[in-house]
Amino acid sequence: MDDALYPSDHTYQEIMRQQEQWKVALQHLEKQKEFFKDLYKENKDKTWVFTGCGTSYYLAQTASAIFEMISGISCKAVPSSEILLFPSLVFNPNHNHLLVPISRSGTSTEVVQATQKVRIEFSIASLAVSCNPNSTLIGESKYKLTFPFEQEDSVVMTGSFTTMLLSITFFAALVAEDNQIIDLLLNLPEKSKQLTHENEEMIQEIARNNNFDDFIFLGQGPFYGIANEAGLKIQEMAITIPQSFHTLEYRHGPMSTVTHKSLITIIYSENSAKYNGPFVRDMKKLGATILAFMDEKHLKNDLSIDFNIGFPSGFGDNLNVFFVMPLLQLFGYYKAVSKNIDPDNPRNLSAVVTFDIMGNG
Ligand code: F1P
């Protein structure tokens with residue numbers, strides 16, 4: 001299989017152009033500062049419930065962690081179906097809530113129905129985040145976070161994931177009046193683009209290696225949603241079954257499945273340093289190969305790791321997600337290519353997943 005046949009397709013182009021889209025979104029969002037500040041003032045004492053389906057749910061996981069860490073607002077993440085089926089578990093009557101429904105298309109059935117349900121049954125307002133400003137979801141919501149976005153032709157979400165996440169992160173930094181994060185965010189697109197290009201070949205080589213048949217993605221805090229999303233990418237694009245866990249949870253049972261065919265991808269966080277060494281040593285003893293993402297200042301301490309990707313220092317956990325995600329999207333893409341599967345056309349999947357069984361339930 002000649003990989004060079006593929007880099008003209010939608011998925012590849014959409015992965016590689018994402019940092020340009022971040023710049024456009026940031027320029028647009030900067031003009032909305034006052035709107036964001038008012039929205040924050042009206043809702044800062046509520047619990048913010050981030051929700052979505054599939055990729056947008058994993059985005060909700062990451063975004064809720066980042067938003068809480070930057071703004072101090074209490075946040076949580078649930079799949080939209082949970083709001084339809086177990087609303088009392090999501091919305092504690094002793095708390096006030098703002099719903100933050102997230103959807104590339106703005107039309108996935110559960111997220112739209114969840115937004116309608118909380119408005120009608122619980123009088124809960126929503127702040128919808130979408131790449132489609134004219135969608136049903138946006139129409140259903142009191143507040144909206146949108147930006148100019150060149151629509152994705154690919155079924156799988158790539159640039160849409162990171163652009164929506166970046167917008168939410170920017171919003172958090174604005175309301176927290178954290179100028180340091182705002183400055184870092186403005187620098188991020190170029191730095192992330194550079195890192196993606198520098199490491200593309202290595203990611204391609206690892207994806208091509210047929211010795212691996214077990215793919216594990218590990219991360220904690222904001223990286224947990226990234227680990228889940230990385231797993232979903234190889235599932236959708238490369239029809240490969242992944243595992244993803246909070247990093248240290250992996251030792252409590254799942255590691256019994258490790259073999260010399262396991263590729264364990266670990267995303268290090270700032271305060272995970274003392275655990276990383278022992279964890280990696282244990283996994284290597286069991287035969288695993290390790291791909292680690294970490295701050296570049298730690299690179300020289302981790303010589304036992306098989307493949308290392310170091311991101312520039314100083315951005316912090318909340319922004320480091322933007323270094324990791326494009327490369328793990330590329331991993332899914334190149335895994336598909338190496339298996340001779342067309343990443344643009346995932347099996348059994350369409351760009352929007354809808355169903356009508358819950359219409360009147
Ligand atoms: C979410 C979703 C994706 C999936 C595929 C179909 O859609 O289910 O998770 O990868 O792209 O759509 P959306 O609600 O964000 O449009």
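Numbering of ligands and ligand atoms starts at 1, following listing order.
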Open item on the list: Tell me whether ligand 1 is touched by Cys53 - counting only heavy atoms on the residue side and a distance under 4.0 Å.
Closed with: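 Contact present.
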Open item on the list: Less than 4.0 Å is my threshold; does some heavy atom of Val155 fall inside it relative to ligand 1?
Closed with: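 Val155: in contact with ligand 1 (<4.0 Å).
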Task: Short N-O contact, Arg208 and Glu205, less than 4.0 angstrom - done: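 Yes, Arg208 and Glu205 are salt-bridged.
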Under a 4.0 angstrom heavy-atom cut-off, which atoms of ligand 1 come close to [X]?
X      : value
Ser56  : 13 (P), 15 (O)
Arg104 : 11 (O), 13 (P), 15 (O), 16 (O)
Gly54  : 9 (O)
Glu236 : 4 (C), 10 (O)

TODO: May I ask you to check whether Phe67 and Phe171 place their ring centers less than 6.0 Å from one another?
DONE: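 Yes, ring centres under 6.0 Å apart.
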Open item on the list: Is the distance from the ring center of Phe311 to that of Phe293 below 6.0 Å?
Closed with: no
- [ ] Using the test side chain to side chain contact (heavy atoms under 4.5 Å, CB included), find all partners of Tyr275 that sit at least two apart in sequence or belong to another chain.
- [x]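 Here the qualifying residues are Leu248.
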Open item on the list: Looking only at distances, can you tell me whether any N or O atom of Ser105, backbone or side chain, sits closer than 3.5 Å to an N or O atom of ligand 1?
Closed with: yes
Task: Within 6.0 Å of CD in Glu296, more than 12 heavy atoms from elsewhere - done: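 Yes, CD of Glu296 has more than 12 neighbouring heavy atoms, counting only those of other groups under 6.0 Å.
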Open item on the list: Holding to ring-ring contact (aromatic ring centres under 6.0 Å, His included), I want the full list of residues that pass it with Tyr224, two or more places apart in sequence or in another chain.
Closed with: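 Tyr224 satisfies ring-ring contact (aromatic ring centres under 6.0 Å, His included) with His246 once adjacent residues are dropped.
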